[in-house]
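One is the number of the first residue; the rest follow in order along the sequence.
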Amino acid sequence: MLSSIIKVKSLANIALLLGALTAGGGITGYVRTGSVPSVAAGVTVGALYILGGLRISNRSTYGTELALLASIILAGSSIPRAIKSGKPLPIGLSLLATFGLWTFGNAYMTRSRTV
């Protein structure tokens with residue numbers, strides 16, 4: 001029981017942290033370059049992570065799925081740019097996305113097998 005509570009809190013905290021990082025990154029991109037797509041994408045993906053984290057924390061449905069969706073969107077947009085440009089920002093975003101895919105994908109698959 002206690003390990004289940006710790007796991008839920010850890011997943012929620014990871015989602016909230018990834019949400020803050022991606023939303024903050026999008027806002028920073030806008031402030032530095034005036035890029036509206038950066039702020040729109042960063043805040044949208046960040047909001048998905050944060051919503052997922054809050055839903056995981058409250059043990060509501062679809063929390064893990066929302067965080068996984070945010071990771072898929074982030075990976076789909078950042079990994080091709082990282083491969084093409086080799087610049088640090090897309091590489092960092094790709095690493096965040098990969099971590100999210102691994103974390104929330106494992107959580108989703110583990111839960112799916114036990115149901």
Side-chain angles (χ1 to χ4, degrees):
M1 175 74 176
L2 182 59
S3 67
S4 170
I5 293 170
I6 292 171
K7 185 175 181 180
V8 166
K9 289 295 181 189
S10 295
L11 277 176
N13 289 339
I14 290 169
L16 294 172
L17 177 64
L18 290 177
L21 288 172
T22 54
I27 292 167
T28 302
Y30 176 75
V31 169
R32 291 180 69 203
T33 65
S35 172
V36 174
S38 287
V39 75
V43 170
T44 302
V45 171
L48 283 172
Y49 273 127
I50 291 169
L51 182 59
L54 292 173
R55 293 187 70 80
I56 291 168
S57 178
N58 294 328
R59 295 182 179 262
S60 299
T61 56
Y62 301 115
T64 303
E65 291 85 352
L66 282 170
L68 183 57
L69 175 63
S71 297
I72 292 167
I73 292 169
L74 185 58
S77 66
S78 64
I79 291 174
R81 284 189 296 137
I83 292 169
K84 184 178 177 184
S85 72
K87 292 183 180 178
L89 182 62
I91 291 171
L93 290 172
S94 298
L95 292 173
L96 285 177
T98 303
F99 177 71
L101 287 169
W102 180 77
T103 302
F104 300 112
N106 280 335
Y108 178 77
M109 293 304 291
T110 300
R111 191 189 67 225
S112 293
R113 278 186 256 152
T114 60
V115 174

Indicate, with yes or no, if [Y] and [X] share a hydrophobic cluster defined by side-chain heavy-atom contacts under 4.5 Å among Ile, Leu, Val, Met, Phe, Trp and Tyr.
{"X": "L95", "Y": "V45", "result": "no"}
{"X": "I14", "Y": "L69", "result": "yes"}
{"X": "L89", "Y": "V43", "result": "no"}
{"X": "Y62", "Y": "I72", "result": "no"}

Of all residues at least two apart in sequence or in a different chain, which pass the side chain to side chain donor-acceptor pair (under 3.5 Å) check with T64?
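Per chain and number, T64 pairs via side chain to side chain donor-acceptor pair (under 3.5 Å) with no residue.
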Using the test side chain to side chain contact (heavy atoms under 4.5 Å, CB included), find all partners of L54 that sit at least two apart in sequence or belong to another chain.
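Partners of L54 under the side chain to side chain contact (heavy atoms under 4.5 Å, CB included) test: L16, I50.
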Sub-3.5 Å donor-acceptor pair from the side chain of [X] to the main-chain atoms of [Y], do we have one?
{"X": "S94", "Y": "P90", "result": "yes"}
{"X": "S77", "Y": "L74", "result": "yes"}
{"X": "T22", "Y": "G19", "result": "yes"}

Min side-chain heavy-atom separation [X]-[Y] under 4.5 Å:
{"X": "L17", "Y": "N13", "answer": "no"}
{"X": "Y49", "Y": "L66", "answer": "no"}
{"X": "S71", "Y": "F104", "answer": "yes"}
{"X": "T98", "Y": "I79", "answer": "yes"}

Measuring from atom [atom1] of [X] to atom [atom2] of [Y], what distance do you get when rounded to the nearest 0.5 angstrom?
{"X": "S60", "Y": "L51", "atom1": "OG", "atom2": "CG", "value": "9.0 Å"}
{"X": "I56", "Y": "L11", "atom1": "CD1", "atom2": "CG", "value": "5.0 Å"}
{"X": "I27", "Y": "R32", "atom1": "CD1", "atom2": "CZ", "value": "14.5 Å"}
{"X": "E65", "Y": "Y108", "atom1": "CD", "atom2": "OH", "value": "6.0 Å"}

Minimum heavy-atom distance A12-G53, with the two atoms named:
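Here A12 and G53 meet closest at CB-O, 3.4 Å.
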Do you know the tightest heavy-atom contact between I91 and G86?
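Looking at all heavy atoms of both residues, the closest pair is CD1-O, 3.4 Å.
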Pairs satisfying salt bridge (Lys or Arg N to Asp or Glu O under 4.0 Å), at least one member in residues 72-95, at least two apart
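Applying salt bridge (Lys or Arg N to Asp or Glu O under 4.0 Å) to every pair that reaches into residues 72-95, excluding sequence neighbours, yields nothing.
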